Q: 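Got a structure for you, written out below as structure tokens; questions coming shortly.
Please read these numbers as outputs of a predicted model, since none were measured by experiment.
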Amino acid sequence: MSFTATEVQAMQLAMEAARQARAAGDTPFGATLVSSEGEILHTSPNRQNSTGDCTAHAEVVLVREATQRFGPERLHGAVVFASGEPCAMCSGAMFWAGIKRVVFAASTQDIGDALGGPVLPARCAEVLEPAQPAVRVEEGLLRDEAIAVLNGR
């Protein structure tokens, strides 16, 4: 699969947000929103621990912040680049926000291998496969870098 320079940059921003999350005491995940026109709009880190909000996964934080900043219509047709595979909750949030494409780096298996702990085995693509309208899911962009971030490197 081939990705554009802007897509790689968006994922690199998500990785930096993941590093920031780790530095803040949160789990190391980040997400970047790219408009349907290809403009990088917003990046958010995971904030579960720092806010005490179990729903503050990077993708949910991204949807919340971007909606407040740009309005809900700006998310319709957009793309989310996530450092880790979005869970079922995050997949649903992105669907309801009108996201049309999700690209992630590290898989759920990679995350479980690196961090241990609880794993929700619902894969993002499986959650979104029957969605109408459809949401395209792609994986593996900068996977090795994402695994390094998960491992604290």
Side-chain angles (χ1 to χ4, degrees), residues 1-35 40-69 75 78-131 134-153:
M1 192 167 302
S2 178
F3 294 96
T4 69
T6 299
E7 292 171 330
V8 171
Q9 180 185 11
M11 187 62 82
Q12 289 170 330
L13 290 169
M15 299 293 177
E16 181 55 34
R19 288 183 192 93
Q20 291 169 3
R22 179 184 290 285
D26 290 298
T27 49
F29 297 104
T32 301
L33 180 71
V34 176
S35 74
I40 295 174
L41 297 176
H42 193 76
T43 301
S44 297
N46 177 294
R47 292 198 175 112
Q48 286 178 273
N49 296 334
S50 57
T51 64
D53 178 358
C54 67
T55 68
H57 293 197
E59 299 88 347
V60 171
V61 172
L62 182 76
V63 166
R64 289 176 183 159
E65 290 178 349
T67 298
Q68 289 176 344
R69 184 173 175 194
L75 280 71
V79 182
V80 170
F81 291 84
S83 64
E85 183 171 3
C87 72
M89 174 186 69
C90 293
S91 297
M94 291 184 293
F95 170 79
W96 291 114
I99 302 301
K100 294 296 180 210
R101 181 175 165 227
V102 177
V103 180
F104 65 86
S107 70
T108 297
Q109 182 67 51
D110 297 329
I111 295 164
D113 291 346
L115 301 180
V119 175
L120 184 60
R123 302 285 319 263
C124 179
E126 293 168 356
V127 172
L128 293 172
E129 182 179 18
V135 179
R136 188 170 50 155
V137 178
E138 299 171 37
E139 65 180 287
L141 174 59
L142 301 182
R143 176 178 175 254
D144 291 340
E145 183 178 340
I147 292 170
V149 172
L150 289 168
N151 287 312
R153 298 190 299 260

Q: How close do S91 and P86 get, counting heavy atoms only, and between which atoms?
A: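 Closest heavy-atom pair between S91 and P86: OG-O, 3.7 Å.
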Q: How far apart are the closest heavy atoms of E59 and C90, and which atoms are they?
A: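 Nearest heavy atoms, E59 then C90: OE1-SG, 3.3 Å.
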Q: I'd like a table of donor-acceptor pairs (distance under 3.5 Å, sequence neighbours excluded) in which one partner is a side-chain atom from residues 102-122, with atom names and distances.
A:
residue	atom	partner	partner atom	Å
S107	OG	Q109	N	3.3
S107	OG	D110	N	3.1
S107	OG	D110	OD2	3.1
T108	OG1	E85	OE1	2.8
Q109	NE2	D113	OD1	2.8
D110	OD1	R143	NH2	2.7
D110	OD2	S107	N	2.9
D110	OD2	R143	NE	2.8

Q: Testing I40, V80, L41 one by one against V34 for a side-chain contact (heavy atoms from CB on, under 4.5 Å), which residue passes?
A: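 Exactly one candidate clears the test, I40.
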Q: Rounded to the nearest 0.5 Å, how far apart are CD of E16 and OG of S83?
A: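 OG of S83 is found 11.0 Å from CD of E16.
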Q: Run the side-chain donor-acceptor check on residues 145-153: report pairs under 3.5 Å with partners two or more places apart or on a different chain.
A:
residue	atom	partner	partner atom	Å
E145	OE2	R19	NH2	3.1
N151	ND2	I147	O	3.1

Q: Filter on salt bridge (charged side-chain N to carboxylate O under 4.0 Å, His left out), then keep only pairs touching residues 90-102, sequence neighbours left out; what's left?
A: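 For residues 90-102, and leaving out neighbouring residues, the salt bridge (charged side-chain N to carboxylate O under 4.0 Å, His left out) pairs sorted by first residue read E7-R101, R101-E138.
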Q: Measuring only between side-chain heavy atoms, which start at C-beta, is T32 closer than 4.5 Å to L62?
A: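 No, too far: nothing below the 4.5 Å cut-off.
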Q: Atom CG of L75 and atom CG of L33: how far apart are they, to the nearest 0.5 Å?
A: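 Rounded to the nearest 0.5 Å, the CG-CG separation comes to 5.0 Å.
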Q: With rounding to the nearest 0.5 angstrom, report the CE to CG distance, M11 to L142.
A: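 Between M11 CE and L142 CG, I get 6.0 Å after rounding to 0.5 Å.
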Q: Does N46 use its side chain to pair, donor to acceptor, with the backbone of A21 at less than 3.5 Å?
A: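 Absent.
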Q: On a heavy-atom basis, which atom in C54 and which in Q48 lie closest, and how many Å separate them?
A: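 Nearest heavy atoms, C54 then Q48: O-NE2, 3.3 Å.
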Q: How close do T51 and A56 get, heavy atom to heavy atom, and via which atoms?
A: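 Where T51 meets A56 most closely, the heavy atoms are OG1-CB, 3.8 Å.
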Q: In chain order, what residues pass the salt bridge (charged side-chain N to carboxylate O under 4.0 Å, His left out) check against D53, with sequence neighbours excluded?
A: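 Checked D53 against salt bridge (charged side-chain N to carboxylate O under 4.0 Å, His left out); matches are R64.
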Q: Calculate, to the nearest 0.5 Å, the distance between atoms OG and CG belonging to S44 and L13 respectively.
A: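 One gets 11.0 Å once the value is rounded to the nearest 0.5 Å.
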Q: Return the CZ to NE2 distance between R69 and H42, rounded to the nearest 0.5 Å.
A: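 The CZ atom of R69 sits 6.0 Å away from the NE2 atom of H42.
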Q: How many angstroms lie between CZ in F81 and CD in Q9, if you round to the nearest 0.5 Å?
A: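 It comes to 10.5 Å.
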Q: So, using salt bridge (charged side-chain N to carboxylate O under 4.0 Å, His left out) as the criterion, who are the partners of D26 when residues are at least two apart?
A: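 Testing D26 for salt bridge (charged side-chain N to carboxylate O under 4.0 Å, His left out), a comparison that skips the adjacent residues, returns none.
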Q: Report the residues that fulfil salt bridge (charged side-chain N to carboxylate O under 4.0 Å, His left out) with E126, sequence neighbours left out, ordered by chain and then residue number.
A: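 By the salt bridge (charged side-chain N to carboxylate O under 4.0 Å, His left out) rule, E126 matches no residue at all.
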